[in-house]
Amino acid sequence: MPQTPEFRRSAATTSFAAIAAALTLAVGACGGGEPADTTVGFEDCETDPTTCNSGPRADGGDLVWAVDGKWEAWGQADIYGSSLATSVINQPLRPSVFSFDQNGEIHYNDGIYAEAPELLAEAPLTVAYHLKEEATWGEGTPIGIDDFIWHWRATSGDEAQCAGCTPASSYGSNVASIEEAEDGAIVVTYDEGYLDAEWYAAGVITHPAHLAEARGHPDWRTDPAQMAASIADFSENPPLDYSAGPFRMVEGELGVYAKYVPNEEWTGSQQSTLDSLTLKYIESADAMATELRQGTIDGAAPSSFDPEVLDQIAGDENLKYSVAPQSGWSHIDANLNNPFLAEEPLRQALFTAIDADEVNDRAYGSAYEDIETMQNVLFRPDSEYWTDQVEDGGIGSGDLEAARGILEAAGYTWEGEQLLTPGGEAVSLRYRTGLEGNAFTPIIQDLVITYLDELGIEVEADPIPAGELNSVLEAKDWDLIQFSWIETPLFAASAADYWGEGNHTGFQDDEVDAIVDELATTLDRDRAAELNNQAAQISLDRAVQLPLAWTPALVMVNKDVVNVRDNWATTMRVFSNVGEWGFVDEGAE
């Protein structure tokens, strides 16, 4: 994830820069042995995922939650604040438009909007946002049109609107105008010819425009330098003077902690019963488990974990925990800029030699015994859009004989055990993944090296230092790489993000480019799903990547904490309903 950004999918809210930040290195695990119990105190999540771990809440309490993403910015409008860590630390107060629940159903933010976004026209695409009259920035100022315009400027990618800016999304680059209707609705009109099948999910506001002025940037509307300065201001300074969520921040130190109290002006359905909520950075799941057992924190949902952590918490009657596949999907990608991997037969052969089932069983299976190998990179098996995209006997099959046959047919030879190209050059590759803090990526790495060694391919392991995944991807400083993308039920821009122009693998295909172009001209979500599946199939047929599995994730809490539950359908995971967290009221009937 990892440093994973908050927005995922919808061309109106993403760019490659933002998506590059929306990654996570895979969850940790150890090989061997039987998986520990994976659900203790969260058993009802299997049958009631949207209401499990519920209970009456006591009034008051100071809840301390551990986060393992070290945020390097406070703001959400530029690339520096596009990491998941920054999104998480802002989640209690940020002005989100919607969220998905564990059933994949969308819910609009009823603390800001009176109803869901309204499609007014298709040509040009025009959308109305109906704000609640009571919606404020937590200090008496109503949320309004200036806030929409500020975000438009911030994400425009236009030097004439924002000088030298590096936006976290491409939303503003497609907007033609923003106006206020007679009924008070905010009307966003997009550029002629631009369409998005998931128009209703665009992120439209991030920060209060009136505070951009109060902080010393009064001409942000007309001066692109001041606009840029206001973005930097929000990025560099904690949001102590505004809130558009159930909490407001009262203290904070960058990358260390943030303390919140309930936002008294918040009128959304998520109403907190807590006295305070503190999000505290703790580096590892092991350290989190130690502090949880000692009672210095009340819960955590680490982005990576070693199954041995379960042994630490399983016997403590004061704790409960759950492990289940969540929003990250793990995969191995080929860098087509590498001269060896630019040749499709080599990619086909090495991905055929890797046994995806064995990789998943040996790694993820030690954390979650029911792990399944992915057969579709965009949709889960229970989705109406799921199709089987990975044929038996093809990539991920572990069929060494078939892999060698592919190479022989393409003119590759062997000198002893060493694979040679048709031109006689010895094939060698550099494999990169993050090992620090991850117990099971070494398992995947070792298996991959073993599989490719059987093909005669020399593989150099070059671990990615913690926190450097984004820069490694952007610099294309890898030959083979393993990490996880973060998914949500939004998918319309998947083809553009993963395989379109500027994608991280260097893959280019005219048919995929045509699909990306068509996706930007349709509002038909069924057609968008069909097109994205086509693009995914092309990438798999061309052996651009090998999907592995939906990766397991851990939630662990004090037994008295209620209404915390994991959520695969959002990058925010447990934070999707943070306003409902609390301590159980033991005296309630």
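Gln271 places a side-chain N or O within 3.5 Å of a backbone atom of Trp266 that can act as its donor or acceptor partner. Here the side chain of Asn103 pairs no donor or acceptor atom with the backbone of Glu105 at under 3.5 angstrom. Formation of a donor-acceptor pair under 3.5 Å by the Thr296 side chain with backbone atoms of Leu292 is not found in this model. Here the side chain of Arg432 pairs a donor or acceptor atom with the backbone of Pro463 at under 3.5 angstrom. Judged by distance alone, with hydrogens and angles left aside, the side-chain atoms of Asn360 form a donor-acceptor pair with the main-chain N or O of Leu548 at under 3.5 Å. A donor-acceptor contact shorter than 3.5 Å is absent between the side chain of Arg380 and the backbone of Pro489. Side chain of Asn263 to main chain of Arg248: no donor-acceptor pair is present (N/O by atom type, distance under 3.5 Å, no hydrogens or angles). Judged by distance alone, with hydrogens and angles left aside, the side-chain atoms of Arg293 form no donor-acceptor pair with the main-chain N or O of Asp316 at under 3.5 Å. With hydrogens and angles disregarded, a donor-acceptor distance shorter than 3.5 Å links the side chain of Glu198 to the backbone of Ala492. Of the possible donor and acceptor atoms, one in the side chain of Asn563 sits under 3.5 Å from a partner among the backbone N and O of Glu580.
Environment of NZ in Lys132: crowded, with over 12 heavy atoms of neighbouring residues, nucleotides or ligands closer than 6.0 Å. Residue Glu43 places its CD atom among more than 12 non-hydrogen atoms of other residues, nucleotides or ligands, all under 6.0 Å distant. Surrounding CD of Glu139 are more than 12 heavy atoms belonging to other residues, nucleotides or ligands, all under 6.0 Å away.
For the atom pair CG (Asn53) and CG (Asp48), the distance works out to 12.0 Å, reported to the nearest 0.5 Å. A distance of 7.0 Å separates CH2 in Trp71 from CG in Leu279, rounded to the nearest 0.5 Å. One finds the OG atom of Ser169 at 11.0 Å from the CG atom of Asp78 (value rounded to the nearest 0.5 Å). How far CD1 of Ile282 is from CG of Asp68: 9.5 Å, rounded to the nearest 0.5 Å. Atoms SG and CD, from Cys52 and Glu46 in turn, are 9.5 Å apart once rounded to the nearest 0.5 Å. Remark: Ile89 CD1 to Tyr281 OH distance equals 12.0 Å, nearest 0.5 Å.
Using a 4.5 Å cut-off on side-chain heavy atoms (C-beta onward), Ser539 and Gln545 make contact. No side-chain heavy atom of Thr551 sits less than 4.5 Å from a side-chain heavy atom of Gln326. Looking at heavy atoms from C-beta onward, Pro239 lies in side-chain contact with Leu93 at the 4.5 angstrom threshold. Side-chain atoms of Gln482 and Thr441, non-hydrogen and from C-beta on, do get closer than 4.5 Å to each other. At a threshold of 4.5 Å between non-hydrogen side-chain atoms, the residues Met572 and Val88 count as touching. For the pair Ser330/Tyr364, a side-chain contact is recorded, criterion being any heavy-atom separation below 4.5 Å from C-beta on. Asp566 has its side chain out of reach of Phe42: every pair of non-hydrogen atoms, C-beta onward, lies at least 4.5 Å apart. Side-chain contact check for Val561 versus Trp581: every heavy-atom pair is 4.5 Å or farther apart.
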Go through the steps to decide whether Asn109 and Val97 satisfy the test side chain to side chain contact (heavy atoms under 4.5 Å, CB included), and finish with yes or no. CA-CA 5 Å; Asn109 187 338; Val97 175; 5.9 Å; no
Applying side chain to side chain contact (heavy atoms under 4.5 Å, CB included) to Tyr80 and Glu72, what does each step give before you reach the verdict? CA-CA 7 Å; Tyr80 307 106; Glu72 298 179 348; over 6 Å; no
Take Asp286 and Gln312 through the side chain to side chain contact (heavy atoms under 4.5 Å, CB included) test and state the conclusion after the steps. CA-CA 9 Å; Asp286 183 71; Gln312 298 178 38; 2.6 Å; yes
List the steps and the verdict of side chain to side chain contact (heavy atoms under 4.5 Å, CB included) for Asp462 and Trp478. CA-CA 9 Å; Asp462 185 8; Trp478 51 280; over 6 Å; no
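A side-chain N or O of Ser54 and one of Arg565 form a donor-acceptor pair less than 3.5 Å apart. Side chains of Thr50 and Asp101: a donor-acceptor N/O pair is absent below 3.5 angstrom, by distance only. Using modelled atom types and a 3.5 Å distance limit, the side chains of Tyr260 and Ser243 yield no donor-acceptor pair. Side chains of Gln76 and Thr86: no donor on one and acceptor on the other come within 3.5 Å. Side-chain contact of Asn533 with Asn376: a donor-acceptor pair under 3.5 Å is present, judged by distance alone. Between Glu134 and Thr267, the side chains place no donor N or O within less than 3.5 Å of an acceptor N or O (distance only, hydrogens not considered). Side-chain contact of Trp485 with Asp497: a donor-acceptor pair under 3.5 Å is absent, judged by distance alone.
The aromatic rings of Tyr113 and Tyr129 lie tilted to each other, with the angle between the two planes from 30° to 60°. Relative ring orientation between Phe98 and Phe100 is described as perpendicular, the plane-to-plane angle rising above 60° on a 0-90° scale split at 30° and 60°. Ring geometry for Tyr242 versus Phe234: interplanar angle over 60°, hence perpendicular rather than tilted (30 to 60°).
Aromatic pair His504/Phe483: ring centres closer than 6.0 Å.
Applying the ring pair (Phe, Tyr, Trp, His ring centres under 6.0 Å) test between Phe379 and each of Trp386, Phe491, Trp329, Trp550 identifies Phe491 as the sole match.
Contact detail for Leu546 and Ile395: the closest heavy-atom pair is CD1-C, 4.0 Å. Across every non-hydrogen atom of Ser494 and Asn532, the tightest pair is CB-OD1, 3.4 Å. Contact between Tyr498 and Leu378 at its shortest, heavy atoms only, is CE1-CD2, 3.7 Å. Between Gln375 and Asp388, the closest heavy-atom pair is NE2-OD1, 3.1 Å. Of all heavy-atom pairs between Ala314 and Tyr321, the closest is CB-OH, 3.5 Å. Taking every heavy atom of both residues into account, Phe247 and Ser272 meet most closely at CZ-OG, 3.3 Å.
Ion pairing between a basic and an acidic side chain is recognised when a charged N comes within 4.0 Å of a carboxylate O; Lys559 and Glu317 show no such pairing.
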